[in-house]
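One structure is given below, encoded as structure tokens.
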Amino acid sequence: MLNALEVITTVVVGVMVGVEFSVAFVMNRIFNTLPEDSDQLARAHGGRMLGAVMPFWYIGSLVLAAIWAFAGWHRHGAGLVVTAGGLLIVSVVMSVLLLVPINNRGKTWTPENRPADWKEQMNRWDRYHYVRVAVIIAAFTLLVAALV
């Protein structure tokens with residue numbers, strides 16, 4: 001049963017990393033090249049869509065890692081899982097304190113009501129997101145290492 005938990009946790013976190021990596025290095029770069037208001041509209045839609053799913057994904061990943069750490073405390077790699085869980089906590093805290101407030105504003109914007117500094121706010125979100133992606137990649141790497 002523990003082996004199944006390890007694999008499920010690693011896959012869930014790995015897919016989350018893939019989605020967030022894609023947002024950072026593929027989707028936002030595509031959005032930035034769209035004409036006129038399309039960039040802002042695409043980001044607003046993405047913020048609404050992913051903003052509804054990601055809280056469950058981040059918290060779910062953290063819960064899975066915590067269960068793995070608790071259930072596998074006696075096994076080799078438990079320290080790696082605990083450290084990965086700590087990094088997932090950092091990613092949740094970063095999300096709540098830094099990214100979600102910007103996302104909550106951005107997902108309501110339209111070309112008619114967006115603030116003059118909307119691009120600066122999106123650039124700030126991007127910078128925070130790059131750091132969060134690095135944190136969750138590190139967590140994922142530790143989970144994979146714990147499988148060995």
Is there a chain of hydrophobic side chains (I, L, V, M, F, W, Y, each step under 4.5 Å between heavy atoms) that links [X] to [Y]?
X    : Y    : value
F140 : I59  : yes
Y130 : V100 : no
L99  : M27  : no
V82  : W68  : no
L50  : L98  : yes

Nearest heavy-atom pair of [X] and [Y]: which atoms, and what distance?
X    : Y    : result
H129 : A24  : CD2-CB, 3.4 Å
Q40  : W109 : NE2-O, 2.9 Å
L88  : A65  : CD1-CB, 4.0 Å
L62  : G85  : CD1-O, 3.5 Å
K107 : R48  : O-NH1, 2.7 Å
D39  : F31  : CB-O, 3.2 Å

| note | Separation between CZ (R75) and CG (N3), nearest 0.5 Å, reads 5.0 Å
| said: Rounded to the nearest 0.5 Å, what separates atom CD1 in I136 from atom CZ in R132? | reply: 7.0 Å
| request: Salt-bridge test for D117 and R124: reply yes if a basic N is under 4.0 Å from a carboxylate O, no otherwise. | output: no
| Are more than 12 heavy atoms from other residues, nucleotides or ligands located less than 6.0 Å from atom CD of E36? | no
| said: Could you work out, with side-chain contact (heavy atoms from CB on, under 4.5 Å) as the rule, every residue matching L87, not counting sequence neighbours? | reply: V135, A138, A139, L142
N/O donor-acceptor pair under 3.5 Å between [X] side chain and [Y] backbone:
X    : Y    : answer
N123 : K119 : yes
S22  : G18  : no
W118 : P111 : no

| message | Test side-chain contact (heavy atoms from CB on, under 4.5 Å) on L147 and L143; report intermediate values, then the result. | response | CA-CA 7 Å; L147 291 173; L143 292 175; over 6 Å; no
| field | Intermediate values then yes/no, side-chain contact (heavy atoms from CB on, under 4.5 Å), I102 and R105 | value | CA-CA 5 Å; I102 297 170; R105 289 189 303 271; 3.3 Å; yes
| Is the closest side-chain heavy-atom distance between V19 and M16 below 4.5 Å? | no
| Would R114 and L41 satisfy side-chain contact (heavy atoms from CB on, under 4.5 Å), going step by step from the backbone distance to the final call? | CA-CA 10 Å; R114 67 185 179 212; L41 292 170; over 6 Å; no
| task | Decide side-chain contact (heavy atoms from CB on, under 4.5 Å) for R43 and N28; before the verdict, give the C-alpha distance in whole Å, the side-chain angles of both, and the deciding distance to 0.1 Å. | result | CA-CA 8 Å; R43 283 178 173 263; N28 286 345; 3.6 Å; yes
